[in-house]
Every structure is written in C-alpha cells, then in structure tokens.
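Working notes, structure below.
Throughout, a chain's letter reflects where its sequence line sits, starting with A, and its residues are numbered from 1. Quick caveat, the model's predicted, so the values are computed rather than measured.
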Number of protein chains: 2
Amino acid sequence: MDRQTVTIYDVAREAGVSMATVSRVVNGNPNVKPSTRKKVEEVIKQLNYQPNAVARGLASKKTTTVGVIIPDVTNLYYSSLARGIDDVASIYKYNIILTNTDENLEKEILVLKDLLTKQVDGVIYMGHHISDELHAQLESVPTPLVLAGSIDQKGILPSVNIDYGAAMKDSLDILFENGNEKIGFVYRSVDEEIDSQVRYGAYKEAHQDHGLPVDDNLVFTSSNSYKDGQNIYDQLISNGATAAIFSDDEAAVGFLNAAHDNGLQVPEKFEIIVSNNSKLVNMTRPQLSTVLQPLYDIGAVSMRLLTKMMNNDEVEDKEIVLPHTIKKWGTTK
Amino acid sequence: MDRQTVTIYDVAREAGVSMATVSRVVNGNPNVKPSTRKKVEEVIKQLNYQPNAVARGLASKKTTTVGVIIPDVTNLYYSSLARGIDDVASIYKYNIILTNTDENLEKEILVLKDLLTKQVDGVIYMGHHISDELHAQLESVPTPLVLAGSIDQKGILPSVNIDYGAAMKDSLDILFENGNEKIGFVYRSVDEEIDSQVRYGAYKEAHQDHGLPVDDNLVFTSSNSYKDGQNIYDQLISNGATAAIFSDDEAAVGFLNAAHDNGLQVPEKFEIIVSNNSKLVNMTRPQLSTVLQPLYDIGAVSMRLLTKMMNNDEVEDKEIVLPHTIKKWGTTK
DNA sequence: CTGAAAGCGCTTACAG
DNA sequence: CTGAAAGCGCTTACAG
C-alpha cells in the first residue's frame with residue numbers, strides 16, 4: 001500500500017548528488033553536466049522513480065490540471081467538445097477534471113469553488129445560460145478561463161464559438177430559396193442566450209430582410225429532447241409551417257419520426273435543418289441537413305487558447321470564431 | 001494573480017489559535033471547544049479562507065480525486081457510465097480526472113502512470129479489451145481500482161457489469177420463440193472479450209440447447225459503426241438470416257436504415273435486438289428492441305464500490321452483477 | 001554546474 | 001481541548 005516508495009531524496013542519495021540536481025534533470029533544466037545527468041537518469045530508471053505531482057504542485061504552484069465544467073457528458077454536443085479539450089490537454093501534458101453540472105447554478109458555483117481549491121491551472125466552462133450571478137463568478141476566477149461553445153453576451157470572457165447568427169441566416173437562406181415562407185424555429189430554452197438572443201435575433205433579421213413577417217406561433221422555446229420534438233409536431237404543422245430549424249438534434253429526430261408516423265414526407269413536404277451536427281444527424285433516414293459545427297475543434301481550440309493564457313503567451317484574439325458550413329443532407333430539397 | 005492569498009496560518013493568527021486548531025475545525029474534528037470552533041469559523045468566513053487541496057493532499061496522502069480511464073467520451077455507452085461515476089463521486093466529495101484512450105494500449109499505460117503520479121486515490125477503468133500486458137499493469141496499481149462495464153476474464157479485478165451471457169440467451173430466446181432459426185450475431189471486435197468470449201459463447205450454447213447448428217456465416221466480428229452496420233446488410237440477408245443481435249447500437253441503426261432503404265420490413269421480415277441500450281434505441285423508427293443495461297447504475301455502483309475500497313470498508317463481493325431486462329420495442333414481433 | 005536551505009500549505013502524532 | 005514541531009515531496013532562489 002505504499003503509494004510513494006521512492007522519492008527524490010532516494011534518487012539523490014543513490015546518485016550521489018543533491019535533490020536540487022535531481023530536480024533539475026527531472027525538469028529538463030539544461031544547467032546540468034551531461035555526465036551527472038546521465039548518472040541521475042540511470043538511477044531514476046533503476047529505482048523507477050516517479051515524481052509526486054502533488055508535491056510538485058505545492059512547490060511550483062502549477063498542477064498541470066485544468067477544470068472542465070460540462071452540463072452533461074452524456075450530451076453528444078458537449079462530449080464532442082470535451083473530447084477536443086482532452087486531446088489537446090493531453091498534448092500539452094495537462095489532465096482534465098471533468099464535472100457535470102446540468103447547468104444548475106448552485107452546482108456550477110460549487111464546482112467552480114471546488115476546482116479552484118484543487119488549484120487547477122485553468123478552467124474551461126461549457127453551458128448555454130450564463131446568468132449575471134454566474135458571470136460574476138466566472139469573471140472572478142483567478143486562473144485563466146475560457147468558454148467553449150458558449151457565448152458571453154457581455155463580451156468579456158474569452159471564448160471559442162462559431163457565428164451562430166450567421167449560421168442561422170445561412171440556413172434560412174436555403175429554406176427561403178426553396179420557396180418556404182413559413183419557417184419554424186424550435187429551440188431549447190429561453191435561458192440559452194445562443195438560442196433566445198443570437199439565433200432568434202438572426203431569425204427575425206433574416207425575415208425582415210426578406211420582407212416576411214415573423215410569426216411567433218412558429219417559434220417554440222423549450223424543445224430539447226426527442227419527446228419534445230414529437231410533441232410540437234401537431235402545432236408546427238397546423239400553424240402552417242413548411243420547414244423548420246431545430247437547435248436540438250434530438251428534438252429534430254423526434255419531430256422527424258413524428259412526421260414519418262404521420263406520413264408527412266421529408267423533405268418533399270417539409271424541410272428541416274438542425275443547428276448542431278452531432279453523430280445523430282447521420283443516423284436518421286433521411287439524414288438531417290445540418291449546420292456543420294466543428295465541435296471537436298471548438299473544444300480543441302478552447303484548450304489551446306487556455307494553454308496560451310496559462311503560459312502567459314500573448315493572445316491576440318480572445319474571442320475566437322470558427323468557420324461553419326451548411327451540409328445539405330436529406331431533409332432539404 | 002495570487003491564487004492563494006489567505007492560508008491556514010492567516011486564519012490561525014487572526015483567530016488567536018494554532019494552525020492545528022484551525023485544521024481541526026476545517027476537518028470537522030470533534031475535539032474542539034465550541035466557543036473556539038465558533039471563533040475560527042467566523043474568521044474563516046470573514047477571510048473567505050479556502051483550504052488548499054494540494055497541500056492537504058501532500059500532507060494527508062489523500063487527494064479526493066479518482067482517475068477515470070475511458071475509451072471515448074463521445075461514445076454514448078461510456079459517457080453514460082461516466083455520468084454515473086461522476087454523480088456518485090460528487091456525492092462522496094471526489095473529483096474525477098477523465099482521460100480518453102481510444103483503447104490504445106500505449107496510451108492506457110501512459111495514462112495509468114500519469115494518474116498515479118497525480119496521486120489519485122483510486123481508478124476506474126473502462127475498456128473492452130484487457131490484454132495480458134494491460135491486465136498486469138492494472139493489477140499492479142497500488143490504489144483501489146474497479147472495472148466499470150468491463151470484464152476481467154481472469155476474475156481478479158473488482159468489476160461491475162451485467163451478465164452479458166444471460167442477456168444474450170434471453171435475447172435469443174425471444175427470437176427463437178418468434179420462429180427464427182437463422183439468427184445473426186453482429187459484434188464489435190474479436191478483441192472485445194465481452195463479445196468474442198461471453199456473448200459468442202452464450203450464442204453457441206443457446207443454439208446447442210435448441211438443437212440448432214451455429215452458422216458462422218451469420219456472425220460478424222468487426223462492426224462497430226453506423227457504416228459497418230450498413231455494409232453487412234447484403235451478406236446477412238443473402239446468408240438467410242431472419243433476425244440478428246447487435247452489440248453496437250450504431251451498427252444496428254446502420255443496418256436498420258439499410259433495411260429501410262431496401263424495403264425490408266422490420267420487424268415483420270427481420271427482427272433485431274441490440275445489446276446496449278443507449279439513447280439511440282429510442283430515436284429510430286421503429287425503435288430498437290434492446291437489452292436494458294443499467295448503464296448509469298453500472299457507473300454509479302462502480303464508483304460506490306471504489307469509495308468503499310478507498311475507505312478500507314469491508315467489501316463482500318467485488319464482482320458485482322447488476323440485473324438486466326429485455327425491452328421489446330419495435331424491432332421484435 | 002552544483003548544493004544547502006527555505007518554503008509551498010497543510011496534517012499528524014505527541015505532549016500536555 | 002490545544003499547541004509546538006515535524007513532515008509530506010517537491011521547487012526555487014541564492015550562493016558559490
């Protein structure tokens with residue numbers, strides 16, 4: 001049960017040098033005579049010495065660990081980001097402490113405190129509702145912090161996203177071009193700024209630009225599950241929609257299946273574009289036309305940004321916008 | 001940038017007690033006079049003192065952090081386990097360091113070493129191929145370790161699973177009862193012991209029990225993606241199968257959609273049962289009949305087991321088998 | 001290029 | 001119930 005049998009002290013003694021010297025070779029400090037470096041390295045190998053990261057953390061004030069706050073790992077959108085984050089973290093020798101919050105404010109605040117207590121070198125936050133209280137907490141974090149796939153309406157916190165508004169307009173352009181005039185917009189929650197502010201804002205603007213009225217009977221504000229997608233089917237259809245944009249893939253799948261059950265042909269009689277390309281979009285029949293969000297990259301770039309900040313490197317732009325495209329699969333004409 | 005302004009020393013001075021006493025109240029040690037406890041607590045609040053977990057870790061040799069090795073967070077099966085793990089960890093005040101390995105042996109070994117270096121109090125391993133080399137590494141881990149949703153053929157390592165063999169037999173029983181005699185078995189990889197040993201073994205046994213021959217033309221050994229599921233469609237059908245059991249949900253969805261594209265009616269002409277109930281099973285039309293695996297619970301129970309082991313509690317059974325059922329959705333008669 | 005010493009912020013016997 | 005002191009295993013100036 002002795003977790004840490006051999007310490008730096010053992011290596012020093014065995015190699016006939018001081019702990020400082022051992023520390024230097026372990027940390028790749030160049031100021032070590034090649035022959036003594038060699039000797040120390042041999043002893044390290046021989047004793048199978050593994051530096052204790054906790055002791056290093058205490059002494060150096062760097063833990064090479066970053067905290068990652070995620071609503072739910074089980075959500076494909078977020079787990080795709082998380083994968084990008086972990087892969088880049090791994091490249092830069094960081095580990096990730098991942099914690100699920102379900103976007104519950106109390107939990108988020110608790111987790112944040114907890115992570116700081118553990119002396120993480122940085123934190124990545126994911127979540128689509130940043131209340132003023134949460135924003136204040138996020139701002140007061142003493143370590144570098146970046147938002148991944150999450151926007152800061154106040155434009156203060158570093159973040160990595162796509163241009164959700166532009167993506168909305170691109171999607172609408174396709175649907176308008178195909179002759180649709182009554183286009184639904186089905187989003188997750190009024191609490192999610194990306195939906196209720198950015199996308200909905202772009203939705204309205206695009207309608208104005210095309211000289212079309214905005215019909216709020218076609219806008220659904222709390223559909224974030226398969227079941228919700230099924231449930232809104234009747235209303236969307238009876239209100240005359242001939243197309244719809246979904247923020248949530250699962251809701252879109254629910255709607256699509258409801259359409260199938262009701263014998264409504266997609267895309268012939270109804271077109272659909274979803275906003276988050278998760279794996280799901282390719283698993284339906286027809287496959288869902290989608291905004292191609294570089295989810296993995298958003299996570300990866302977020303972590304890369306964070307490493308720069310942790311390293312005190314100059315960072316020109318702290319509000320990174322990655323490119324998107326629209327992929328017309330089978331639910332658009 | 002001062003991450004740790006106020007220390008236990010500041011609190012001690014301010015409260016007019018020793019560091020030891022502050023430590024006692026922070027750790028809930030009962031041997032503190034109520035009045036001095038109160039005083040210390042006031043100062044803690046006033047100074048907003050947050051104990052440094054790294055220093056605690058070094059001094060106490062407990063980091064309240066566990067390592068979680070996962071093939072891919074993006075995989076619904078594993079992320080469901082991970083969610084259960086994190087929730088229970090959170091209850092017991094542990095954090096989770098999550099690392100993706102893609103089941104790559106080198107990465108797994110590296111990660112394991114890395115986690116131990118960080119002095120995790122325990123580790124949870126997920127992965128479906130435990131080679132002898134990996135097994136040796138896993139066994140030599142000095143902290144408690146449990147396998148979640150992963151089996152140890154050698155029966156040495158603590159683990160939490162369902163009885164995959166029994167689930168296979170239950171699934172086959174349904175298909176046999178419905179009159180099928182040529183039933184395919186589509187699994188992920190020969191490297192995955194759950195598939196190639198346990199499920200395939202049960203598959204053969206069940207056939208023998210029913211006096212039916214095993215036709216290896218109906219067994220596919222490397223289908224773990226949507227595309228794979230589509231690709232095997234022709235062979236499975238031309239070899240006369242009238243039903244199939246899939247280990248991988250995505251592959252099953254691929255097959256199902258291929259069937260749809262080819263006008264083959266499911267379940268009328270072809271029945272399907274999948275082995276892992278991820279969210280996906282409810283998102284297809286028809287919905288996939290499935291073995292109901294308590295994925296969240298497997299993760300949760302694994303973490304609970306681990307807490308007991310880390311706490312040196314008596315653990316009666318270290319090979320936990322959780323119950324499963326079969327849910328007949330729409331792909332069985 | 002190398003070592004002695006202090007210090008990181010706690011916990012843990014030990015003594016009283 | 002409380003404190004003094006040692007120690008956890010490193011890193012970091014500092015001095016040479």
Side-chain angles (χ1 to χ4, degrees), chain A residues 1-41 43-44 47-65 114 116-121 142, chain B residues 1-41 43-44 47-65 114 116-121 142:
Chain A
M1 283 311 241
D2 30 27
R3 306 263 256 288
Q4 183 74 25
T5 30
V6 15
T7 72
I8 197 173
Y9 177 78
D10 300 317
V11 176
R13 183 170 28 75
E14 211 56 36
V17 298
S18 70
M19 284 164 43
T21 298
V22 177
S23 178
R24 287 190 190 95
V25 347
V26 167
N27 292 300
N29 186 317
N31 297 329
V32 180
K33 189 163 58 175
S35 64
T36 105
R37 173 186 303 283
K38 186 154 173 292
K39 174 63 181 164
V40 171
E41 278 169 348
V43 175
I44 286 176
L47 265 45
N48 190 27
Y49 167 64
Q50 310 275 21
N52 179 322
V54 173
R56 287 175 104 157
L58 183 58
S60 70
K61 298 187 174 289
K62 290 195 187 313
T63 55
T64 61
T65 301
D114 215 53
L116 296 177
T117 260
K118 294 234 167 156
Q119 313 301 120
V120 293
D121 296 335
Chain B
M1 280 311 241
D2 29 30
R3 306 263 255 285
Q4 184 72 28
T5 30
V6 14
T7 72
I8 197 173
Y9 178 78
D10 299 317
V11 177
R13 182 171 30 74
E14 211 58 35
V17 298
S18 70
M19 284 164 42
T21 298
V22 177
S23 178
R24 286 191 190 95
V25 347
V26 167
N27 292 300
N29 186 317
N31 297 330
V32 180
K33 188 163 58 176
S35 64
T36 106
R37 172 185 305 281
K38 185 153 173 291
K39 175 63 180 163
V40 171
E41 279 167 348
V43 175
I44 286 176
L47 265 44
N48 189 28
Y49 167 63
Q50 310 275 20
N52 179 322
V54 173
R56 286 175 106 158
L58 182 59
S60 69
K61 298 187 174 287
K62 290 196 188 311
T63 55
T64 60
T65 302
D114 215 53
L116 296 177
T117 261
K118 295 235 166 154
Q119 312 302 120
V120 294
D121 296 336

Minimum-distance nucleotide (side-chain atoms of Asn31(A) versus dG9(D), dG9(C), dT2(C)): dT2(C)

Atom pair distance, as rounded to whole Å: CG in Asn27(B) and P in dC10(C): 11 Å

Length of the CZ-C1' vector between Arg56(A) and dG9(C), whole Å: 19 Å

Closest contact, heavy atoms only, Leu58(B) versus Ala55(A): CD1-CB, 3.8 Å

Nearest-nucleotide 5' precedence on DNA chain D, Met19(B) against Leu58(A): Met19(B)

Atom-to-atom span, OH of Tyr9(B) to C1' of dA5(D) - whole angstrom: 14 Å

Least distance between heavy atoms, Pro142(A) atom then Leu116(A) atom: CD-CD1, 3.8 Å

Residues in side chain to side chain donor-acceptor pair (under 3.5 Å) contact with Lys39(A), at least two apart in sequence or another chain: none

Stretch residues 32-40 of chain A: residues that reach within less than 4.0 Å of DNA chain C through a heavy atom: Val32(A), Lys33(A), Thr36(A)

Qualifying residues under side chain to side chain contact (heavy atoms under 4.5 Å, CB included), relative to Arg24(A), sequence neighbours excluded: Ala20(A), Thr21(A), Asn29(A), Val32(A)

Closest to the Ala20(B) side chain, choosing from dG3(D), dT11(C), dT2(D): dG3(D)

Atom pair OG1 (Thr36(A)) and CD (Glu41(A)), whose distance is rounded to the nearest 0.5 Å: 9.0 Å

Touch class at under 4.0 angstrom, heavy-atom based, for Val17(A) against every strand present: sugar-phosphate

From dC10(C), dT11(D), dG3(C), nucleotide with atom closest to Pro51(B) side chain: dC10(C)

Side-chain N,O (Thr21(B)) to OP1/OP2 (dG3(D)) below 4.0 Å: yes

Pair Asn48(B)-Val6(B), side chain to side chain contact (heavy atoms under 4.5 Å, CB included): steps then yes or no: CA-CA 8 Å; Asn48(B) 189 28; Val6(B) 14; 5.7 Å; no

Rounded distance (nearest 0.5 Å) linking atom CE of Met19(A) with atom CG of Asp10(A): 10.5 Å

Nearest to side-chain heavy atoms of Ala59(B), which nucleotide of dC14(C), dT11(D), dG9(C): dG9(C)

Atom-to-atom span, CD1 of Ile8(A) to C1' of dG3(C) - whole angstrom: 13 Å

Partners passing side chain to side chain contact (heavy atoms under 4.5 Å, CB included) against Asn27(B) (at least two apart in sequence or in another chain): Ser23(B), Arg56(B)

Donor-acceptor contact present, side-chain Lys118(B) to main-chain Thr63(A), <3.5 Å: yes

Residue Ser18(B), side-chain heavy atoms: nucleotide from dT11(D), dT2(C), dA4(D) that is nearest: dA4(D)

Intra- and inter-strand pairs of DNA chain D in dot-bracket (Watson-Crick or G-U wobble, both distances under 3.5 Å; | for another strand): |||.||||||||.|||

Rounded distance in Å - NZ (Lys118(B)) to C1' (dC10(D)): 15 Å

Spacing of Lys62(B) atom NZ relative to dG9(C) atom P, expressed in whole Å: 23 Å

Rounded distance (Å) that lies between atom C1' of dC1(D) and atom CG of Asn29(B): 10 Å

Position toward the 5' end of DNA chain D (nearest nucleotide), Arg24(A) or Pro30(B): Pro30(B)

Whole angstrom value for the distance that separates P of dG9(D) from CZ of Arg13(A): 13 Å

Side chain to side chain contact (heavy atoms under 4.5 Å, CB included) partners of Lys38(B), counting only residues at least two apart: Glu42(B)

Which nucleotide in dG9(C), dT11(C), dG9(D) has an atom nearest any side-chain atom of Lys61(A): dG9(C)

